[in-house]
Enquirer: 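Here you go, one structure.
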2 protein chains.
Amino acid sequence: MTPRPAGIKAVAARAGVSVGTVSNVLNRPDQVAKGTRRKVEEAIRELGFVRNASASTLKAGRSMTLGLVVLDIGNPFFTEVARGVEQAASERGYTVLLCNSAGTPSRQEAHLRFLEEQRVDGVLLTPVTEDSDRIERLRSRATAVVLVDEAGRGDCCSVAVDDVRGGQLAGEHLLATGRRRITYVTGPDSIRQCADRGRGLVEAVTAAGLDAHDTIRVLEVPELTGIEGRQSVERLLADGWSDAAFCANDVVALGVLGGLLSAGVRVPQDLALIGYDDIEFAATAAVPLTSIQQPAVQIGQTAAALVLDELTRRDEHAHQEVVFRPDLVIRRSTSS
Amino acid sequence: MTPRPAGIKAVAARAGVSVGTVSNVLNRPDQVAKGTRRKVEEAIRELGFVRNASASTLKAGRSMTLGLVVLDIGNPFFTEVARGVEQAASERGYTVLLCNSAGTPSRQEAHLRFLEEQRVDGVLLTPVTEDSDRIERLRSRATAVVLVDEAGRGDCCSVAVDDVRGGQLAGEHLLATGRRRITYVTGPDSIRQCADRGRGLVEAVTAAGLDAHDTIRVLEVPELTGIEGRQSVERLLADGWSDAAFCANDVVALGVLGGLLSAGVRVPQDLALIGYDDIEFAATAAVPLTSIQQPAVQIGQTAAALVLDELTRRDEHAHQEVVFRPDLVIRRSTSS
DNA sequence: TCGTCGTTTTGAAACGTTTCAGAATGGATC
DNA sequence: GATCCATTCTGAAACGTTTCAAAACGACGA
């Protein structure tokens with residue numbers, strides 16, 4: 001039945017000091033005499049005082065909080081990215097607000113607005129849509145913004161992985177293992193990652209002196225989920241054309257794998273399979289999945305480091321566009 | 001170089017009204033004359049005004065925000081729960097702050113403290129540890145608390161699933177399909193879910209007139225991850241004793257499955273396998289996984305509904321302890 | 001005893017909202 | 001023309017912090 005929780009004033013009264021001193025104990029304890037500090041700390045404990053972040057943020061003009069908007073929290077890849085972000089942020093005393101846009105522009109918009117209202121100090125965004133307006137607005141509010149898993153456009157930091165290169169790696173590997181009829185199982189082309197990875201595949205095929213049209217087919221699924229992957233198998237096998245499948249991510253690939261095996265298709269003998277992201281379940285699948293690895297945790301850490309640098313160094317900060325190189329991880333699904 | 005973003009005052013000046021009116025447009029638009037409202041809305045647009053949530057929360061004493069602390073965001077089960085919570089919350093205008101305790105008491109503690117500082121209106125907690133102190137404190141701050149995936153202790157709402165029953169279902173099913181030597185692959189007993197599910201298994205065996213010691217073995221893994229599951233297979237197969245394995249969750253079960261298949265063990269012929277949670281990857285696995293299904297999304301929705309009820313109805317609110325029943329979903333991993 | 005200087009402590013002024021008692025406005029009604 | 005309502009609008013007082021100029025204190029040397 002306490003109407004309002006005890007504030008800094010109550011603490012001050014109890015400890016017999018001024019509010020300024022209590023605030024100092026909270027924010028610069030080293031400038032407070034030891035005895036005083038102890039008294040205040042005891043009062044805090046006795047009253048169960050917990051700092052009111054609203055008031056603090058309002059007055060101080062910063063919230064010590066970062067917003068992270070990911071494309072799909074159901075995809076373990078993003079979970080790992082988030083882990084990296086959180087780790088780097090918490091080391092510097094920042095807390096991360098995790099938001100899931102679920103690939104929906106309207107949800108991305110809603111979350112960005114929320115973060116804006118909360119006056120987060122920085123935003124890490126895996127964009128669904130390049131909503132330049134809102135990003136511009138955030139930046140004009142002195143909010144640091146970094147694009148994650150997306151190349152920047154010069155006006156802000158970004159951390160990405162070269163997806164074209166990743167597609168290339170996948171293509172080269174399949175070709176090297178003798179495959180010549182590759183189905184690319186992918187999501188809508190509006191998802192940049194899907195488009196880029198497909199482009200890389202085409203490049204690899206072309207570079208090998210093959211005709212892309214003869215070598216590659218595209219099988220589009222509406223959503224990058226396991227279910228859709230599994231369901232796509234029927235179409236994948238329909239005419240017996242393919243001797244390999246490259247999936248736009250591991251979640252889909254695992255669905256495809258399940259579908260293939262239960263249809264009696266041997267992987268990799270009858271059909272080679274390669275995924276993307278190298279999530280934990282890939283190594284652990286029935287037929288361990290060859291995949292294109294991305295340094296997920298490191299992406300998160302780097303992105304966080306960039307926002308924090310922009311936040312701390314302000315004027316000296318120069319925007320950077322970090323691009324990681326993906327790696328091929330070969331497992332049984334492509335090489336028996 | 002706008003030092004501070006435009007506030008309600010600037011909007012008021014621009015629209016030629018008082019701040020009170022602007023606030024009304026924001027919070028009770030129907031009490032404002034249509035013309036005035038339009039003027040204010042235009043000013044808001046022109047200035048790019050975004051409400052400052054800190055100030056709002058500070059003054060109004062509520063943040064329209066809920067905190068959700070989950071045990072393991074890497075487990076798709078919790079992702080689904082979160083989805084349910086978010087859905088129910090956003091329908092009522094609340095935003096959810098998602099936190100991951102990762103099974104660590106200190107992280108749970110840190111997140112609860114953060115949520116307390118943020119003055120969230122309600123907290124949904126999947127407890128690592130029953131930190132009654134902090135929960136008590138939250139509740140004394142007029143913060144609604146509901147326990148998720150954990151039975152309550154009478155003093156707050158809770159939404160749980162009967163894990164003992166789930167373990168029973170698994171046990172009964174394995175016995176019904178003729179298995180008599182069951183290994184229970186589980187995490188530390190300190191995780192309540194693991195303990196309860198194991199208890200259910202024992203009950204099923206005992207109820208069938210069998211001796212639990214002769215019928216059940218326990219194989220403990222340090223963490224409920226796919227890797228650990230896969231690695232446990234060696235021990236699982238060591239003496240050829242088992243004809244079935246029951247895993248404490250699907251993430252582990254899928255790891256075990258991968259290990260079994262690549263060791264040449266046929267599932268279910270040589271060894272039946274059953275998981276828990278019925279995550280999406282279960283249906284989609286190489287050998288589709290029999291599992292104990294929990295209504296994850298519904299758990300989230302219900303939990304959110306309970307907090308919101310406590311928040312809205314206050315005095316009339318009566319604490320409820322909702323317990324869902326788990327369901328057996330039979331797939332190929334236990335029945336060819 | 002008096003300065004002086006460094007360390008602590010103080011107290012009041014914001015920060016940007018919400019809220020609410022009351023003032024203005026403008027019809028209706030007598 | 002006076003009165004009464006309902007509808008709109010106003011303005012000032014919080015909300016709980018942080019911050020900063022200035023005051024208080026103490027130790028020290030002159």
Side-chain angles (χ1 to χ4, degrees), chain A residues 2-41 43-44 47-65 93 116-121 141-142, chain B residues 2-41 43-44 47-65 93 116-121 141-142:
Chain A
T2 327
R4 289 254 186 182
I8 220 182
K9 258 193 203 137
V11 173
R14 173 136 200 156
V17 300
S18 74
V19 294
T21 300
V22 176
S23 178
N24 282 338
V25 170
L26 256 28
N27 301 307
R28 5 178 137 50
D30 39 308
Q31 295 189 21
V32 176
K34 213 162 174 190
T36 319
R37 192 163 80 209
R38 249 208 317 280
K39 268 192 308 182
V40 172
E41 279 163 351
I44 287 178
L47 294 173
F49 165 85
V50 173
R51 168 213 257 105
N52 183 326
S54 305
S56 174
T57 297
L58 174 58
K59 181 69 226 267
R62 74 191 135 49
S63 58
M64 296 302 283
T65 268
E116 214 174 331
E117 292 187 350
Q118 296 295 314
R119 298 294 192 266
V120 295
D121 298 334
R141 246 182 229 312
Chain B
T2 329
R4 289 256 189 181
I8 220 182
K9 259 194 200 133
V11 173
R14 173 132 200 162
V17 301
S18 74
V19 293
T21 300
V22 176
S23 177
N24 283 337
V25 169
L26 256 26
N27 301 307
R28 359 176 141 52
D30 40 307
Q31 294 189 21
V32 176
K34 212 161 173 190
T36 319
R37 191 163 79 209
R38 250 206 318 279
K39 269 192 307 184
V40 172
E41 280 164 349
I44 286 178
L47 294 173
F49 165 82
V50 174
R51 167 216 255 104
N52 182 326
S54 306
S56 175
T57 297
L58 174 58
K59 182 69 226 270
R62 73 191 136 48
S63 60
M64 295 303 283
T65 268
E116 213 174 332
E117 292 187 351
Q118 296 295 313
R119 299 292 192 266
V120 296
D121 298 335
R141 247 182 229 314

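Within every chain, numbering begins at 1; the chains are lettered A, B, ... in the order of the sequence lines, protein sequences first and strands thereafter. Keep in mind it's a predicted model, so treat the numbers as computed, not measured. The analysis underlying the following values was restricted to heavy atoms, covering all of them including side chains, and did not include hydrogens, waters or symmetry mates.
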Enquirer: Could you list the protein-to-nucleotides 24-27 of chain C atom pairs, N/O on both sides, closer than 3.5 Å?
Expert:
none

Enquirer: Has Arg119(B) got a side-chain atom pairing as donor or acceptor with Glu116(B)'s backbone, closer than 3.5 angstrom?
Expert: yes
Enquirer: Counting only side-chain N and O atoms of Ser56(A), is one of them less than 4.0 Å from OP1 or OP2 of dT17(D)?
Expert: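 No, no such contact exists.
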Enquirer: I'd like to check Leu26(B) versus Arg51(B) (side-chain heavy atoms, cut-off strictly below 4.5 Å). Are they in contact?
Expert: yes
Enquirer: Roughly how many Å is it from CD1 in Ile8(A) to C1' in dT18(D), rounded to a whole number?
Expert: 8 Å
Enquirer: In whole angstroms, how far is the C1' atom of dT18(C) from the CG atom of Asn52(B)?
Expert: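 Checked: the CG to C1' distance equals 13 Å.
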Enquirer: Figure out the NZ/P separation between Lys59(B) and dA12(D), and round it to whole Å.
Expert: 15 Å
Enquirer: Considering just the side-chain nitrogens and oxygens of Thr36(A), establish if one lies under 4.0 Å of OP1 or OP2 belonging to dT9(C).
Expert: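 Result: yes.
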Enquirer: Can you tell which of dT10(D), dT17(D), dT17(C) lies closest to the side chain of Val17(B)?
Expert: dT10(D)
Enquirer: Hey, does Ser54(B) reach any base, or is it just sugar-phosphate, or nothing, if we go heavy atoms under 4.0 Å?
Expert: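 If one applies the 4.0 Å heavy-atom cut-off, Ser54(B) turns out to touch nothing in the nucleic acid.
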Enquirer: For the residue pair Val40(B) and Val32(B), establish whether any side-chain heavy-atom pair is separated by less than 4.5 Å.
Expert: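 Counting from C-beta outward, Val40(B) and Val32(B) never come under 4.5 Å.
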Enquirer: So what does Arg62(B) touch, heavy atoms closer than 4.0 Å: a base, only the sugar-phosphate, or nothing?
Expert: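 Result for Arg62(B) = sugar-phosphate.
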Enquirer: When you compare the side chain of Asn24(A) with that of Gln31(A), does any pair of heavy atoms fall below 4.5 Å?
Expert: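 A side-chain contact is absent here, since even the closest heavy-atom pair is not under 4.5 Å.
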Enquirer: How many Å lie between NZ on Lys9(A) and P on dT18(D), as a whole number?
Expert: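 Interatomic distance, NZ of Lys9(A) to P of dT18(D): 13 Å.
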Enquirer: Near DNA chain D, under 4.0 Å by heavy atom, which residues of residues 20-29 of chain A?
Expert: Gly20(A), Ser23(A), Asn27(A), Arg28(A)
Enquirer: Scan Val11(B), Val50(B), Ile8(B) and name whichever one has a side-chain contact (heavy atoms from CB on, under 4.5 Å) with Ile44(B).
Expert: Val11(B)
Enquirer: So, for Pro29(A) and Arg37(A), which heavy atoms are closest and what is the spacing to 0.1 Å?
Expert: O-NH1, 3.0 Å
Enquirer: May I have the distance from Gln31(B) (atom CD) to dC20(C) (atom P), rounded to whole angstrom?
Expert: 11 Å
Enquirer: Side chain of Thr57(A), backbone of Ala53(A): donor and acceptor closer than 3.5 Å?
Expert: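 Confirmed, Thr57(A) side chain pairs with Ala53(A) backbone.
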Enquirer: I need the CZ-P distance between Arg37(B) and dT7(D), as an integer number of Å.
Expert: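 Atom-to-atom, Arg37(B) to dT7(D), this comes out as 15 Å.
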Enquirer: Report the distance from atom CZ of Arg119(B) to atom C1' of dG16(D), rounded to the nearest whole Å.
Expert: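 In whole Å, dG16(D) C1' lies 9 Å from Arg119(B) CZ.
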Enquirer: In whole angstroms, how far is the C1' atom of dT18(D) from the CD atom of Glu117(B)?
Expert: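 Whole-Å distance recorded here is 15 Å.
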Enquirer: Drop me the distance from Lys59(B)'s NZ to Ser54(B)'s OG, to the nearest 0.5 angstrom.
Expert: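 If I round to the nearest 0.5 Å, the distance is 15.5 Å.
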Enquirer: Counting side-chain heavy atoms from C-beta on, which of dT10(C), dT17(D), dT19(D) comes nearest to Ser18(A)?
Expert: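 Selected nucleotide: dT10(C).
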Enquirer: Answer yes or no: is there a donor N or O on one side and an acceptor on the other, between the side chain of Arg141(B) and the main chain of Pro5(A), under 3.5 Å?
Expert: no
Enquirer: According to a strict under-4.0 Å criterion, is Arg51(A) in side-chain N/O contact with OP1 or OP2 of dT18(D)?
Expert: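 For dT18(D), OP1/OP2 do have a side-chain N/O of Arg51(A) under 4.0 Å.
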Enquirer: Taking all non-hydrogen atoms of both residues into account, name the closest pair between Ala12(A) and Val19(A) and its distance.
Expert: CB-N, 3.8 Å
